[in-house]
Amino acid sequence: MESFSSKSLALQAEKKLLSKMAGRSVAHLFIDETSSEVLDELYRVSKEYTHSRPKAQRVIKDLIKVAVKVAVLHRSGCFGPGELALATRFRQKLRQGAMTALSFGEVDFTFEAAVLAGLLVECRDILLELVEHHLTPKSHDRIRHVFDHYSDPDLLAALYGPDFTQHLGKICDGLRKLLDEGKL
């Protein structure tokens, strides 16, 4: 007898539909105002750093697609107990990264690109392990693309340098708010 699951089919359709719609307007539907502001600043940093609007748009679009897909999987109860433990570990590591980024932004002469890059690489690896059996290789590539882009030590050095002070301040304000509200 053929194996058919309408729940599985609906989940696939939801992920596919949301990935096709990933963009600025959809991000505002699924992502709160503060997160949206942080994403906008990350876009501006990427655009100024790469000098390429398409590259910056691609990395943010990939980030949104991955975030929405992981949220759909979590909300649909697709993760088992071991995967939920990984999700908790991912959130803790992401929170640690945000607090480290804030600390580097607030305390002069403390920035170390290798430390922040290392935390982002750990986040990437945990997330890849979490979604290993749930998302396609294309989505895995998107995860790598986003985390590899933002863990680039040269990009991080530029972000914490004098040319990106305004962007860093807005990112830190957003991260602080997300941490205070318990959203990160």
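Values in this document were obtained by computation on a predicted structure and should not be read as measured data. One-based numbering along the sequence shown. Below, each value reflects all heavy atoms present in this structure, side chains not excepted, and no hydrogens, waters or symmetry copies.
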(request) Could you please spell out the steps behind the side chain to side chain contact (heavy atoms under 4.5 Å, CB included) verdict for H167 and E48? (result) CA-CA 10 Å; H167 298 301; E48 286 182 36; 2.7 Å; yes

Without placing hydrogens or testing angles, list every side-chain donor-acceptor pair under 3.5 Å for residues 152-165, not counting sequence neighbours.
residue	atom	partner	partner atom	Å
D152	OD1	D154	N	3.0
D152	OD2	Y49	OH	3.4
Y160	OH	A101	O	2.9
T165	OG1	P162	O	3.0

(request) Determine, stepwise, if the pair I171 / V45 fulfils side chain to side chain contact (heavy atoms under 4.5 Å, CB included). (result) CA-CA 10 Å; I171 290 169; V45 166; 4.1 Å; yes

(message) I need the minimum non-hydrogen distance between V38 and G174, along with the two atoms involved.
(response)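 Between these two residues, the closest heavy atoms are CG2-CA, 3.6 Å.
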
(request) Might you point out which heavy atoms bring A98 and L184 nearest each other, and give the distance in Å? (result)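 Scanning both residues, the minimum pair turns out to be CB-CD2, 3.3 Å.
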
(request) Tell me, please, which residues at least two apart from E181 pass side-chain hydrogen bond (donor to acceptor under 3.5 Å, both in side chains). (result) K183

(message) Among residues at least two apart in sequence or on other chains, which ones pass side-chain hydrogen bond (donor to acceptor under 3.5 Å, both in side chains) with Q96?
(response) K93

(request) Run the salt-bridge test on D173 and K177 with the 4.0 Å N-O cut-off and return the result as yes or no. (result) no

Distance in Å, [X] [atom1] paired with [Y] [atom2], rounded so as to fall on 0.5 Å steps:
{"X": "E122", "Y": "D125", "atom1": "CD", "atom2": "CG", "value": "8.0 Å"}
{"X": "R58", "Y": "S46", "atom1": "CZ", "atom2": "OG", "value": "13.0 Å"}
{"X": "Y150", "Y": "H145", "atom1": "OH", "atom2": "NE2", "value": "9.0 Å"}
{"X": "T136", "Y": "H140", "atom1": "OG1", "atom2": "NE2", "value": "6.5 Å"}
{"X": "K69", "Y": "C78", "atom1": "NZ", "atom2": "SG", "value": "13.0 Å"}
{"X": "L130", "Y": "H74", "atom1": "CG", "atom2": "NE2", "value": "8.5 Å"}

Should [X] and [Y] count as side-chain neighbours, where that means a heavy-atom distance under 4.5 Å?
{"X": "E83", "Y": "E129", "value": "no"}
{"X": "T50", "Y": "V59", "value": "no"}
{"X": "V66", "Y": "V146", "value": "no"}
{"X": "D62", "Y": "I143", "value": "no"}

(message) Are L86 and L84 connected into the same hydrophobic cluster when the rule is that any two of I, L, V, M, F, W, Y join if their side-chain heavy atoms are below 4.5 Å apart?
(response) yes

(message) Grouping I, L, V, M, F, W and Y whenever their side-chain heavy atoms are under 4.5 Å apart, do V121 and V131 come out in a common cluster?
(response) no

(message) Holding to side chain to side chain contact (heavy atoms under 4.5 Å, CB included), I want the full list of residues that pass it with R53, two or more places apart in sequence or in another chain.
(response) Y43, K47, Q57

(message) Going by salt bridge (Lys or Arg N to Asp or Glu O under 4.0 Å), name the residues that satisfy it together with R144, two or more places apart in sequence or in a different chain.
(response)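 If we apply the salt bridge (Lys or Arg N to Asp or Glu O under 4.0 Å) test to R144, skipping adjacent residues, the hits are D141.
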
(request) Apply side chain to side chain contact (heavy atoms under 4.5 Å, CB included) to the pair L94 and L127, showing each step before the final yes or no. (result) CA-CA 10 Å; L94 199 58; L127 185 57; over 6 Å; no

Only distances under 3.5 Å count here; give the side-chain donor-acceptor pairs of residues 106-116 to other protein atoms, sequence neighbours excluded, each with its distance to 0.1 Å.
residue	atom	partner	partner atom	Å
E106	OE2	R176	NE	3.2
E106	OE2	R176	NH2	2.3
T110	OG1	V107	O	2.7

